[in-house]
Every structure is written in structure tokens, then in C-alpha cells.
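Shown next, in C-alpha cells, is the structure this report addresses.
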2 protein chains.
Amino acid sequence: MEQLQDSTILSPGHKDVTAGPCLQTAGCRNVAPVLNRVGDKWSMMIVMTLSDGSKRFSELKRAIDGISQRMLTLSLRGLERDGMVSRTVTPTIPPRVDYELTELGRSLREPVKALGDWAIKHIDCIRSAQRRFDEREDAA
Amino acid sequence: MEQLQDSTILSPGHKDVTAGPCLQTAGCRNVAPVLNRVGDKWSMMIVMTLSDGSKRFSELKRAIDGISQRMLTLSLRGLERDGMVSRTVTPTIPPRVDYELTELGRSLREPVKALGDWAIKHIDCIRSAQRRFDEREDAA
DNA sequence: CGGAATCCCAGGAGATACTG
DNA sequence: CAGTATCTCCTGGGATTCCG
């Protein structure tokens, strides 16, 4: 089996965590893995797409458009592993597999929405900041 | 100049956005870039670290511990480009550069904290879900 | 001190082909 | 249909070195 994306952030060659000196870093260390999944392009797309009910593999693949079946599989595995998504196999022929947000997954939608609202609210600000930055850079 | 991490998510070989069929995907497309920066390991660390006031380059490097100067530079550039962080050069000898959260950057702390709180609140749930998942997998 | 430039490699991710 | 298995290409990112 290929190495599953484990979302466990641990700097390679890093000392022991329990001996961690930085206070905020400790809390950060808990948050980082979650952010990493949430921040992931495909995982987010999937959660969004599953927001309005369960979908089967091929439905997801078609809905998300641009995702390869490989990344869909891997991302779903990651979300399933994190307990965000449940996977239900119906062993008919041909087989049918449905994915659905778990309670945990659904509870995630709220804070993510908060962040999404922030993003939408400030997207213009960010865009223009980027433009200004790029212009100054081009001038140089 | 090396290609700056532009945080602009656009599937390669993707059709035109304006013709996009999916409604929620459109909003998602705005949110994704932001999430991608927010979800970024180092960028988050930096924002966290800058939460309590401005810091200079070497302070950040020491505070974050594990980051390479390359990634620190690149991440700071990204944050600066997005208007989250301001960069102030004091041309003394030796030179001194201070980084500070902008208003935009500070406003980001709140929704991020919401997400962080969610993460902390559910981290046990996630961890145990991961353990269960891994055990079932080992059994197979 | 704060970077920029270069080298280099492991891991991320697409395309394709095969299977239960 | 819903994956798994390869193969391959490409980028992210560490280490190191040089510059103002």
C-alpha cells in the first residue's frame, strides 16, 4: 500500500515534542495537521461537494472536475481516516460506494464557512494587494 | 527571480472559469487560494508568531524552529504579497528588517482562531478516528 | 544581518493500464 | 463501477554558498 498521506506534521530531524520549548507552538502543533487537511485543495472541494448529501465515487469525480481518480481516492482516504467522511460499500454488481460527511465532518463546515466568509469578504483587498505587490516588483 | 508561490489555484488544462457550471465551486474558487495560504504550515506559524507584535527576520527564524531561511523568505514574501504582513527595512549596517501583521493580517486571526479552536476541540476525536482506521487497516 | 542563487533529492500528482 | 498498481514527470523544500 502506498504511504497514506498522514497529515502528521513533524519536522524531520525534530527533537521530541514533549520537550517543546515554545508555548504557542504546542497548540499550533495540534492545529497544523487539521489546517493542513482543511487547507488542502481537493479535500476542501470534497467536503464542499458532500455538504448537500452523500454522493458516490463517480458522482464526486464528475462534480469536482479536474481531480484525478488517484487524488480523489487518496483524499477520500485521508478524510475517512480523519473521521470526516464515512464510506459505505454496497456489494452489488457493479459495486456501489457512497461517501457522506460524518457528524465530525459536518461540524467542520461551520468554522470553515467562517473562514470562507472572511476570504470572500477580503478577497478584493487581497487581490489588489497582490496587484500592487506585483507591479512594484515588475518595476524593479 | 524564482517563481513566487502565487496561491492561485487553477487546475492545469482547466476550461474557462466564467463558463463554470458548478455554483458552489465558484465561491470555492475564491476561498481556495486563501485556505491554501492559511493551511500552509509555515505561513500559519508565521502569523501565529507575529500575533504578539512585530519581529525581525532572525527572530522569526529562531522562534519558528525547523524552518529553513529559504522557506521563511518565501513564506514571508507570499504573506506580504497577499497583504497580510508588512516588511520594513531599516538600512543600518548591519541591515535590519522587521515584519508585522497588517490590519488584514490581524483580521485573519479571528476566523483562524475559530478553526484552531475547532481543531483543539476535536483533535481527540480525530486522533482516535485515525487510530481506529489504522488498526482496521493493519488487520487487513 | 537578510537575503538571492544554485544544487539536489524525496514526495506529490497526472496518465495509463489492469482487476474484482 | 470503484478502485489498485506502475511509471513518470515536476515541484517543494533542505543544504550550501555567495552578496550588499
Side-chain angles (χ1 to χ4, degrees), chain A residues 1-14 32 36-37 39-43 45-46 54-81 85-100 137 140, chain B residues 1-14 36-37 39-46 54-81 85-100 137 140:
Chain A
M1 173 62 154
E2 181 174 348
Q3 195 56 258
L4 192 59
Q5 42 174 221
D6 77 347
S7 82
T8 321
I9 307 305
L10 213 28
S11 333
H14 200 345
N36 236 36
R37 178 151 317 285
D40 177 54
K41 184 184 174 183
W42 298 129
S43 296
M45 294 283 221
I46 293 172
S54 90
K55 297 224 173 354
R56 46 192 301 188
F57 190 85
S58 46
E59 286 181 301
L60 282 172
K61 179 149 170 41
R62 247 174 299 109
I64 294 186
D65 159 273
I67 195 170
S68 64
Q69 101 288 43
R70 173 194 162 81
M71 288 322 292
L72 180 53
T73 301
L74 285 177
S75 303
L76 282 170
R77 279 283 189 283
L79 289 168
E80 191 193 353
R81 191 176 103 101
V85 161
S86 68
R87 178 173 181 270
T88 312
V89 182
T90 313
T92 54
I93 297 181
R96 173 196 179 99
V97 181
D98 288 272
Y99 294 91
E100 186 176 12
E137 199 185 39
Chain B
M1 174 65 155
E2 180 174 349
Q3 196 57 256
L4 192 59
Q5 42 175 222
D6 76 347
S7 82
T8 322
I9 308 304
L10 214 26
S11 335
H14 200 348
N36 234 37
R37 179 153 313 289
D40 177 54
K41 183 182 172 184
W42 299 128
S43 296
M44 274 322 294
M45 295 281 224
I46 293 172
S54 89
K55 298 223 172 355
R56 47 192 299 190
F57 189 85
S58 46
E59 287 181 301
L60 282 171
K61 178 149 171 42
R62 248 174 299 108
I64 293 186
D65 158 271
I67 194 170
S68 64
Q69 104 289 40
R70 175 192 162 82
M71 287 322 291
L72 180 53
T73 303
L74 284 178
S75 302
L76 282 170
R77 279 284 188 282
L79 288 168
E80 191 193 353
R81 190 175 105 101
V85 162
S86 67
R87 178 173 181 271
T88 313
V89 182
T90 314
T92 54
I93 297 182
R96 174 196 179 98
V97 181
D98 288 272
Y99 293 91
E100 186 176 11
E137 199 185 37

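Hydrogens, waters and symmetry mates are skipped; everything else that's a heavy atom, side chains included, is used. Sequence lines set the chain letters: A, B, ... in the order given, protein chains first and strands last, and positions in each chain run from 1.
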Closest listed nucleotide, where the reference is the side chain of A:Gln69 and the choices are C:dT16, D:dT17, C:dG14: C:dT16
Of C:dG20, C:dG3, D:dG13, the nucleotide closest to the side chain of B:Phe57 is C:dG3
Rounding to an integer number of Å, can you tell me how far B:Leu72 CG sits from D:dG13 C1'? 13 Å
Between D:dA2 and A:Ser58, is there an OP1 or OP2 to side-chain N/O distance shorter than 4.0 Å? yes
If I take atom CD in residue B:Glu59 and atom P in nucleotide C:dC1, what distance separates them, rounded to the nearest angstrom? 12 Å
Of the listed nucleotides (C:dG2, D:dA2, C:dG14), which one gets closest to any side-chain atom of A:Ser68? C:dG14
In whole Å, what is the span from the CD1 atom of B:Ile93 to the C1' atom of C:dG3? 16 Å
Short side-chain N/O contact to D:dC1 OP1/OP2 from A:Arg62, under 4.0 Å: no
Side-chain N,O (B:Arg96) to OP1/OP2 (C:dG2) below 4.0 Å: no
In whole angstrom, give the distance that lies between atom CD1 of B:Ile67 and atom C1' of D:dG14. 12 Å
Below the 4.0 Å mark, does C:dG2 have OP1 or OP2 next to a side-chain nitrogen or oxygen of B:Thr73? no
Rounded to the nearest Å, what distance is computed from the CG atom of residue B:Leu74 to the C1' atom of nucleotide C:dT6? 14 Å
Of C:dG2, C:dG3, C:dC1, the nucleotide closest to the side chain of B:Pro94 is C:dC1
Please confirm whether the shortest side-chain N or O distance from A:Arg70 to OP1 or OP2 of D:dA2 is below 4.0 Å. no
Taking only residues at least two apart or on different chains, which pairs with a member in residues 89-99 of chain A satisfy salt bridge (Lys or Arg N to Asp or Glu O under 4.0 Å)? A:Arg96-A:Asp98
Of the listed nucleotides (C:dA13, D:dG3, C:dG2), which one gets closest to any side-chain atom of A:Met71? C:dA13
